[in-house]
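What follows is one structure encoded as structure tokens, with my remarks underneath.
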Amino acid sequence: MVASGGSPGADGWDFFVSYTAVDRAWAEWMAWQLEDAGYRVLIQAWDFVAGSNWQFRMEQGVRRAERTLAVLSAAYLESVYGRQEWQAAQASDPTGFARKLLPVRIEDCPRPGLLGSVVSIDLFGRASGDAHRYLLDQVRGTITGRAKPATAPAFPVSARSAPHVQEPAFPPPVPQAPALSPAGPGPIGVPFAGHRDSVWSVAFTADGSTLATASQDCTVRLWDVTDPTRPQSIGQPLTDHTAPVLSVAFTADGRTLATAGGDCTVRLWNVTDPARPRPIGQPLIGHTDAVWSVAFTADGRTLATAGGDCTVRLWNVTDPRPQPIGQPLTDHTAPVLSVAFTADGSTLATAGWDFTVRLWDVTDPARPQPIGQPLTDHTAAVMSVAFTADGSTLATGSWDTTVRLWDVTDPARPQPIGQPLTDHGGGVWSVAFTADGRTLATAGENETMRLWDVTDPARPQPIGQPLTDPARRRPIGEPLTDHTGTMLSVAFTADGRTLATANDDGAVLLWWTR
């Protein structure tokens, strides 16, 4: 390795140092230690010289460095740019197998949301010489994937007997579910957890009787939610994926389930009998990076898949041996994070880390055609897209903390509707409409999910406080915050009465919404 910043050369950099201005001294100290040890480092303080394009260099660093070293402090965690940088690194390596994101804490600050699942290097409280050795030792472990000591551990000496502590009974008693109130949205029962790690995606069957949940623990679970106050696990978890499962989707008839994940594959399951799911054919293989999102057309004949390899693929799933349709869509320049079809299957929306949303005419899925110009109003990764059932409105949720609504009645000329929804204090991970298009759910960081009345912007109905500005949507009631951490996915039942939310704390919660 050659110690150099500046130009990335053919192989990029070993580390991109992400930090906020108040922590510049720490960032420069770390960069110096790394370059002195022979690593290639890109750091704003040294490499973004006069005449540089700041935004371009930042994007280069995130995309072309082997790893992003995030200098964590309370100030960094409040930085919009810092959030975008560490989330970009995590989006490119959702499983953590490549160890693309390396958090280094310089103070004892909490790590919110998904950042909390990444093991950090803690430098606070260490003397200078010890911090130097510790940083480089931990970096070597990150690169090799192991932190075995150079010398044999000492033989363990038995500890003195500790006083006996009475352990609490397991499982703990279940608190009584709150009564449903007609005054506003509320949780149904309590969070139910069958997964051992973050739940990335949730999806209901059209009749609302079955819920699928996909998790970082590499499994998919099916739940009987016929009585939403008493969800019951159905059968055994699906364990065929070898990496975190990032997305699930049912066909409209509820007979087929698609699951996709960090192992670069999509799997199809016959769930006619959800207690005995059966794999359909072989896994769909074509993506060369994590598959972030899957969506079926309403007729169940076509499946769209979005990949970390910056491509979208269409599949004919009418055959027991599903086949790719045409060539991959390659217009995105960064990982594609979300896909959604209109109800008639003629239009596909795709969104990703390149901050753009693209619309495609897929009337003939073998020859998809781009429609109009990309939507480029967001200033960070677009995590989720959703159409209303009539296909006239598109919602887009982004890490820039906003949700935008678009009139796509003429998809060749999309028009923004009103002002962006800005009530989220952090990145928005998921958006979903009710089937009647009257309510929008938005969820993301800061443990918050919001409901919005989007019935008719010209004739708003008073829900809570009267709406006085027809160009702006306002939330229904208070934010729903019974989760702890980041809400990663939301899904409505077809009747719109029940909402499921998935969280990075591993829990799923059902909500009564009407």
Side-chain angles (χ1 to χ4, degrees), residues 201-210 212 214 220 222 238 240 245-261 264-274 277-287 291-307 311-331 336 338-351 358-371 385-392 394 408 411 432-433 435 491-494:
S201 182
V202 287
F204 284 104
T205 51
D207 64 5
S209 65
T210 304
V220 175
L222 297 177
L238 308 182
D240 292 42
V245 189
L246 304 175
S247 184
V248 287
F250 285 104
T251 50
D253 62 10
R255 297 167 61 89
T256 303
L257 174 70
T259 64
C264 311
T265 70
V266 178
R267 294 173 181 270
L268 297 178
W269 304 86
N270 182 333
V271 289
T272 306
D273 178 358
R278 301 193 311 274
I280 301 173
Q282 296 298 311
L284 309 187
I285 299 174
H287 287 287
V291 183
W292 277 93
S293 180
V294 289
F296 285 104
T297 50
D299 61 11
R301 298 175 62 86
T302 304
L303 177 73
T305 60
T311 71
V312 175
R313 292 175 178 265
L314 298 177
W315 305 82
N316 178 353
V317 290
T318 60
D319 190 282
R321 295 182 296 276
Q323 299 296 319
I325 305 173
Q327 296 299 310
L329 309 183
T330 59
D331 290 41
V336 187
S338 183
V339 287
F341 285 104
T342 51
D344 63 6
S346 65
T347 304
L348 174 71
T350 64
R358 294 174 180 270
L359 298 177
W360 304 84
D361 181 344
V362 289
T363 307
D364 179 358
R367 296 177 179 82
Q369 299 296 321
I371 305 174
V385 288
F387 285 104
T388 51
D390 63 5
S392 66
L394 175 72
V408 289
F433 284 104
F492 283 104
T493 51

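Rounded to the nearest 0.5 Å, atoms CZ (R313) and CD1 (I285) are 11.0 Å apart.
Scanning all heavy atoms of the two residues, the minimum distance from P368 to V362 falls at CB-CG1, 4.0 Å. A386 and A340 get closest at one heavy-atom pair: CA-CB, 4.4 Å. Between T330 and T311 the shortest heavy-atom distance is CG2-CG2, 4.1 Å. Minimum heavy-atom separation, P320 to I280: O-CG2, 4.0 Å.
Under the side-chain contact (heavy atoms from CB on, under 4.5 Å) criterion, A349 pairs with L359, V385, F387, L394, not counting sequence neighbours. Listed by chain and residue number, D390 satisfy the side chain to side chain donor-acceptor pair (under 3.5 Å) test with S392 (two or more places apart in sequence, or in another chain). Qualifying side-chain contact (heavy atoms from CB on, under 4.5 Å) partners for R278, counting only residues two or more places apart in sequence or in other chains: N270. For D361, the side chain to side chain donor-acceptor pair (under 3.5 Å) criterion is met by T363, not counting sequence neighbours. With sequence neighbours excluded, the residues forming a salt bridge (Lys or Arg N to Asp or Glu O under 4.0 Å) with D364 are R367, listed by chain and number. For D273, the salt bridge (Lys or Arg N to Asp or Glu O under 4.0 Å) partners at least two apart in sequence or on another chain are R276.
Residues L314 and L348 form a side-chain contact, since some pair of their non-hydrogen atoms from C-beta on lies under 4.5 Å apart. Looking at heavy atoms from C-beta onward, R321 lies out of side-chain contact with Q282 at the 4.5 angstrom threshold. Within the 4.5 Å cutoff, the side chain of T347 has heavy atoms near those of the I371 side chain.
For the residue pair W360 and T350, a side-chain donor N or O sits within less than 3.5 Å of a side-chain acceptor on the partner.
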For this session: Please lay out, stage by stage, how D331 and R358 fare under the test side chain to side chain contact (heavy atoms under 4.5 Å, CB included).
Result: CA-CA 9 Å; D331 290 41; R358 294 174 180 270; 3.7 Å; yes

List, one per line, each side-chain donor-acceptor pair under 3.5 Å for residues 251-260, sequence neighbours excluded.
residue: T251; atom: OG1; partner: D253; partner atom: OD1; Å: 2.7
residue: T251; atom: OG1; partner: T256; partner atom: N; Å: 3.2
residue: T251; atom: OG1; partner: T256; partner atom: O; Å: 3.4
residue: D253; atom: OD1; partner: R255; partner atom: N; Å: 2.9
residue: T259; atom: OG1; partner: H241; partner atom: NE2; Å: 2.8
residue: T259; atom: OG1; partner: W269; partner atom: NE1; Å: 3.2

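Of the candidates V339, V312, L246, V339 is the only one forming a side chain to side chain contact (heavy atoms under 4.5 Å, CB included) with S293.
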